[in-house]
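Let me begin by presenting the structure, written as structure tokens, before commenting on it.
A note on names: the letters A, B, ... follow the listed sequences, proteins ahead of strands, and every chain is numbered from 1.
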There are 2 protein chains.
Amino acid sequence: MPTIKDVANKAGVGIATVSRVINDSGYVGKKTKEKVLKVIDEIGYHPNEIARSMTRQKNHIVAFVLPNNKHVFFSELLYELEQILFEDDYKVMLCNSSEETYKEIEFLNMLKNNRVDALILLTNNDIEDEIDSKLPIISFDRIIENVPLCTSDNYTGGQMAADILIDKGCEKFLFIGDDAQGVNTPVNTEVSKRRIGFNERLKERGKKQIYNFEYPLGNYLIQPEKAREVLLKYPDVDGIFAISDAVGFTLIKELEALGKNVPKDVKVIGFDGGSKFFDYGRKLSSIAQSPKKIAKALRDMILNFSDNQPVKDIVLPVKFNEGDTT
Amino acid sequence: MPTIKDVANKAGVGIATVSRVINDSGYVGKKTKEKVLKVIDEIGYHPNEIARSMTRQKNHIVAFVLPNNKHVFFSELLYELEQILFEDDYKVMLCNSSEETYKEIEFLNMLKNNRVDALILLTNNDIEDEIDSKLPIISFDRIIENVPLCTSDNYTGGQMAADILIDKGCEKFLFIGDDAQGVNTPVNTEVSKRRIGFNERLKERGKKQIYNFEYPLGNYLIQPEKAREVLLKYPDVDGIFAISDAVGFTLIKELEALGKNVPKDVKVIGFDGGSKFFDYGRKLSSIAQSPKKIAKALRDMILNFSDNQPVKDIVLPVKFNEGDTT
DNA sequence: TAGTATAGTGAAAACCTTTCCACAATATTA
DNA sequence: TAATATTGTGGAAAGGTTTTCACTATACTA
């Protein structure tokens, strides 16, 4: 592979001049520039990005640490993030943690190693102690002290779900979601505000019969058997708010299997975006997040880190996508 | 951030010694080693990976160029690839091309730039001219001259689908899939062998009524309206082989909407893995690829590139996953 | 005991850029 | 015209590693 030196020699100029040409920086005479560009083209020179990273001490790579890129919402977010960062010449390194703390820590170390310039962290583990808040970390959906947060307005989303179910005439409510508290180590996730907003609004509006069901963390999914068990335990429920669309869809299937009509007997609201991502033959009503807006917010935060600007929390609005399950 | 020099100074040794300690290479006295490790721990030294890449001219990053990480099969493959490469300390850079040639070219340039060590290319565009076969490129599902190929045995998969439908008593067959030939520029994709294997086996076994329907490329998906149009066009069909599970599921829904019973009136086979990835309430019969095996094959090919070993084509077996649609 | 492996160490070169600085040539201002 | 800006250029340092090489000290061999 030819280097900048080869270009300089062949063009009869100094390497500094070549550098100025390829970076379009500083003064370069018109004729010199043309000559250099010609040589670059002739010998097929491509600047070595590793060497560039070396001097700049930046490599324009962002790590996205998440439990699992297969989850339909994460998948969408990952896509939008990659698309939008492409425009700023940032690349995305995919880091599936599988919810394993040791992996998350290894990924976090990539910041100290200069393997990546910034890191977006989506975790449900208790790893606060492992986080150096001086590093360029953005937390998604999870409150970590001194780490900038990007999230959707989960609390309002929960309130909206309550309002909709109440307005549609429901009387006995069930929230179902995974236990964001972890097993013994309470972690402060934004996602749990879905439940909190939901329950608080129900109480505000004088609704008494409220059930909560939370199971150990499982990627915002629920086993069908588990879902059925819950539904059998609370047979009188007529309004369900599910922590995610995936859970919502599983519930609908189980409800129908139990002979219930959705939405006539039971109304169901999910969270994420409804049938935008899934298509099970039913259009799930859902509190929708916007992956595109989230991606843009993350991009802005990353650019602020890069420019040494202050990085502020961003909470994005949600909206109700009405389907045929309410 | 402390550097190797800081460690060397504080430990009263040369930087070469520190390097030998952190890389566990060459001779280092026991006491010296302990002293160096102690200092590293004390001052919190982390080797700068950019500098390491500089000397090694390798950065242990693999680019995965694909149309779209949201597609359920790609999503699975991406996941498995990232998981398996993690073990060898390779990181995966996600490169969504959205089927755009200019993006694919930009991603290919990352090899010349030393931005990545190797690249996995999953494309349906005619970009043979842009490919320098001396670069460490692996083509997935697409035949490109002088570029090593990794794929599933699509031809046999097509044959299997034919055999199964015939054995189940079907008489009038339809293949439905996207037009791998592109609009005007024929590209040589492995995926089109699904159709070829299917059709050839049908002919071998004396079946005459064979319909093909191919639509412009669209990520192995089909619009429901389009699906219905095709089904109305060929109302006598009783055995369908769909190029992907996603297409297969859409077909089933449309068939049912048209009052047909699956599998009684029409049998449907998809391709990829069946209900392993999807869950629409039906278990789709499918010719299954193994993302895990593919990921392993890709890993082996990448390691061979890295070791300057010859890199050979790999064709992986498929198997039939019986669901309730045949 | 002399001669040769083996173990242990550090200085310096190399990897390929960017950027600072010094300097030269030309253009502009008073 | 002299003084000062502006434009244009190249040498050299810096960025943080790995690796080669030369060298010393110790252990083994005959």
Whole-Å distance between [N] [atom2] and [X] [atom1]?
X: B:Lys58; N: C:dC16; atom1: NZ; atom2: P; answer: 13 Å
X: A:Lys35; N: D:dG8; atom1: NZ; atom2: P; answer: 14 Å
X: B:Glu34; N: C:dG8; atom1: CD; atom2: C1'; answer: 15 Å
X: B:Asn113; N: C:dC15; atom1: CG; atom2: P; answer: 19 Å

Any donor-acceptor pair under 3.5 Å from B:Asp132 side chain to B:Lys134 backbone
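Side chain of B:Asp132 to backbone of B:Lys134, a donor-acceptor pair under 3.5 Å: yes, one is there.
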Under 4.0 Å, counting only non-hydrogen atoms across every strand here, what does A:Ser25 touch: a base, just sugar-phosphate, or nothing?
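Counting heavy atoms under 4.0 Å across all strands, no contact is made by A:Ser25.
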Hey, would you say the A:Phe107 and A:Tyr102 ring centroids sit under 6.0 Å apart?
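Aromatic pair excluded; centres sit 6.0 Å or further apart.
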From D:dG10, D:dT6, C:dG8, nucleotide with atom closest to A:Tyr27 side chain:
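In terms of side-chain proximity for A:Tyr27, the closest of D:dG10, D:dT6, C:dG8 is D:dT6.
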Candidate pair A:Asp141 and A:Thr151, rule side chain to side chain donor-acceptor pair (under 3.5 Å), full reasoning
CA-CA 5 Å; A:Asp141 264 3; A:Thr151 188; 2.7 Å; yes
Inspect the contact between A:Glu42 and A:Lys10 and indicate whether a charged nitrogen and a carboxylate oxygen are less than 4.0 angstrom apart.
yes
Closer than 4.0 angstrom, basic N to acidic O: yes or no for A:Glu80 and A:Arg299?
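Salt bridge absent between A:Glu80 and A:Arg299.
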Classify every nucleotide of nucleotides 12-18 of chain D by which part a protein heavy atom approaches to under 4.0 Å, writing B for the base, S for the sugar-phosphate alone and - for neither, in 5'-to-3' order.
---BBBB
Identify all side-chain donor-acceptor contacts of residues 51-66 of chain B below 3.5 Å with residues at least two apart in sequence or on another chain.
residue : atom : partner  : partner atom : Å
B:Arg52 : NH1  : B:Glu49  : OE2          : 3.2
B:Arg52 : NH2  : B:Asn23  : OD1          : 3.1
B:Ser53 : OG   : B:Glu49  : O            : 2.8
B:Ser53 : OG   : B:Lys58  : O            : 3.3
B:Thr55 : OG1  : B:Arg52  : O            : 3.1
B:Gln57 : OE1  : A:Asn48  : ND2          : 2.9
B:Gln57 : NE2  : B:Met54  : O            : 2.8
B:Asn59 : OD1  : B:Ile61  : N            : 3.2
B:Asn59 : ND2  : B:Asn114 : O            : 3.4
B:Asn59 : ND2  : B:Arg115 : O            : 2.8
B:His60 : ND1  : B:Asp89  : O            : 3.1

